[in-house]
There are 2 protein chains.
Amino acid sequence: MAEFLRLDGVQADAAARALPSEPVLEELASLYKLFGDGTRLRILTLLSEGEFCVCDLARLLGATDSAVSHQLRVLKQGKLIRSRREGKVIVYALADDHVRLLLQNGLEHVNE
Amino acid sequence: MAEFLRLDGVQADAAARALPSEPVLEELASLYKLFGDGTRLRILTLLSEGEFCVCDLARLLGATDSAVSHQLRVLKQGKLIRSRREGKVIVYALADDHVRLLLQNGLEHVNE
DNA sequence: CAAACACTTGAACAACCGTGCAAGTATTGT
DNA sequence: ACAATACTTGCACGGTTGTTCAAGTGTTTG
């Protein structure tokens, strides 16, 4: 086993055990990555207030339909939002309240 | 003012008000971006268990000193960690318990 | 002082990301 | 059926990101 500078074997084992499994870690990184973009963050914040169709989101953000649609796809693949058709329009909403919570947690940190 | 499809003026105003200010939003995105990388996430997880020098972190992660050092710099600029010299070695630690909390929140979401 | 060790830094590179554009699909209204 | 509207998709482009490598700084030890 490798040698450590400030750690004995027991501490090293404890540290290694603290790391989540590879797949969990990768999933966690992917989750945070979704929140790590201004446009996606804006979309999620709006959706935490209610449901919106693509073009209303785009107008509220001053972005193109295309840009918004691209990001909605990413967010949906990440299971952070869901969508349903309503006539001509497609309505997006947060997938669950957990997402709202994560958003709040981050905001609290920023306004420490 | 722009027209909306599913929103009246009142709803649109309420939605717009839900968006944090530009600088807050950008800071929030930057914060999440820091958590959105496997290596940084591993480092933060380890640091949530105690203090580590660069080379012990590198050994625990199976990464090069350089790669770890680069990421430590990013994390430090983001005020998520702090460091102090201790002889030949530089010891890193979480900046505050808030960081630990954010990490836990994310993990809870992944293990819904 | 010189060698060894711990760490940092800058440049270079490939990989990834967000957006705009143009063309596509789906639904509604005439 | 046709036009209009709402949205999606693939591609191309510029910009960012994470890593490696090599050279650097700072500290301790012989």
Side-chain angles (χ1 to χ4, degrees), chain A residues 2-7 22 25-26 28-44 46-47 51-78 80-93, chain B residues 2-7 22 25-26 28-44 46-47 51-78 80-93:
Chain A
E3 301 164 39
F4 294 94
L5 220 63
R6 300 182 65 256
L7 272 44
E22 192 63 26
L25 227 139
E26 226 45 55
L28 191 52
S30 302
L31 173 66
Y32 281 124
K33 228 174 283 186
L34 292 176
F35 287 84
D37 169 74
T39 302
R40 284 194 294 270
L41 219 42
R42 273 174 258 261
I43 291 174
L44 290 172
L46 287 174
L47 291 185
E51 302 184 328
F52 293 89
C53 66
V54 179
C55 73
D56 282 354
L57 282 173
R59 284 196 240 278
L60 283 165
L61 301 181
T64 64
D65 289 5
S66 178
V68 172
S69 183
H70 276 302
Q71 298 300 358
L72 287 170
R73 194 165 70 93
V74 173
L75 290 172
K76 193 170 182 187
Q77 281 176 341
L80 260 42
I81 62 175
R82 55 188 167 70
S83 68
R84 67 167 191 283
R85 189 172 269 280
E86 207 169 81
K88 228 193 294 211
V89 135
I90 299 189
V91 179
Y92 281 90
Chain B
E3 300 164 39
F4 294 95
L5 220 63
R6 299 182 65 257
L7 271 46
E22 192 62 27
L25 226 140
E26 226 44 55
L28 191 52
S30 302
L31 173 66
Y32 281 124
K33 228 173 284 186
L34 291 176
F35 287 85
D37 169 74
T39 303
R40 284 194 293 270
L41 219 42
R42 272 175 260 261
I43 291 175
L44 290 172
L46 287 175
L47 291 185
E51 302 183 328
F52 293 89
C53 66
V54 179
C55 73
D56 282 353
L57 283 172
R59 284 196 240 278
L60 283 165
L61 301 180
T64 63
D65 289 6
S66 178
V68 171
S69 182
H70 276 300
Q71 297 300 359
L72 287 170
R73 194 165 70 92
V74 173
L75 290 172
K76 193 170 181 187
Q77 282 176 341
L80 260 42
I81 62 176
R82 55 188 165 71
S83 68
R84 66 167 190 283
R85 190 171 268 281
E86 206 168 82
K88 227 191 298 210
V89 136
I90 298 190
V91 179
Y92 282 89

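Just so it is clear: chains get the letters A, B, ... in the order the sequence lines come, proteins before strands, and each one is counted from 1. Being a predicted model, the structure only gives us computed values, none of them experimental.
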Considering all heavy atoms, the nearest B:V89-B:C53 contact: CG1-CB, 3.5 Å

Nucleotides bounding contact with chain A, strand DNA chain D, heavy-atom threshold 4.0 Å: D:dT5 to D:dG10

Donor-acceptor pair, side chain of B:R59 and main chain of A:E3, under 3.5 angstrom: yes

Atom of A:L34, atom of A:G78 and distance for their closest heavy-atom approach: CD1-CA, 3.8 Å

Pairwise distance SG(A:C55) to NZ(A:K88) - rounded to 0.5 angstrom: 10.5 Å

Segment of DNA chain C, first to last nucleotide, that comes within the 4.0 Å heavy-atom reach of chain A: C:dA6 to C:dT28

Atom of B:G36, atom of A:K33 and distance for their closest heavy-atom approach: O-CE, 2.9 Å

Within residues 83-90 of chain A, residues whose heavy atoms come under 4.0 Å of DNA chain D: A:K88, A:V89, A:I90

Parallel, tilted or perpendicular: rings of A:Y32 and B:Y32 (30°, 60°): parallel

Separation of A:L75 CG from A:F35 CZ (nearest 0.5 Å): 8.5 Å

Near-strand residues of residues 61-70 of chain A, defined as heavy-atom separation under 4.0 angstrom from DNA chain C: A:T64, A:S66, A:A67, A:H70

Pairwise side-chain contact, A:L80 with A:L31, heavy-atom cut-off 4.5 Å (strictly under): yes

Heavy-atom pair with the smallest gap, counting every atom of B:A29 and A:G38: CB-N, 4.1 Å

Flag side-chain contact, heavy atom, 4.5 Å: A:L72 against A:L57: yes

4.5 Å side-chain heavy-atom contact, B:I43 and B:Y92: no

Minimum heavy-atom distance between A:R6 and B:D56, given as atom pair plus value: N-OD2, 2.9 Å

Rounded distance (nearest 0.5 Å) linking atom CD of B:E51 with atom CD of B:E86: 7.5 Å

For the student: nearest non-hydrogen atoms of B:S83 and B:I90, plus distance: CB-CG2, 4.0 Å

5' precedence on DNA chain C between A:V74 and A:L5 (nearest-nucleotide basis): A:L5

Residue-level proximity of residues 28-42 of chain A to DNA chain C when a heavy atom falls under 4.0 Å: A:D37, A:T39, A:R40

Distance-only check: which donor-acceptor pairs under 3.5 Å involve side-chain atoms of residues 60-68 of chain A, not counting sequence neighbours?
unit_1, atom_1, unit_2, atom_2, d
A:T64, OG1, A:A67, N, 3.0

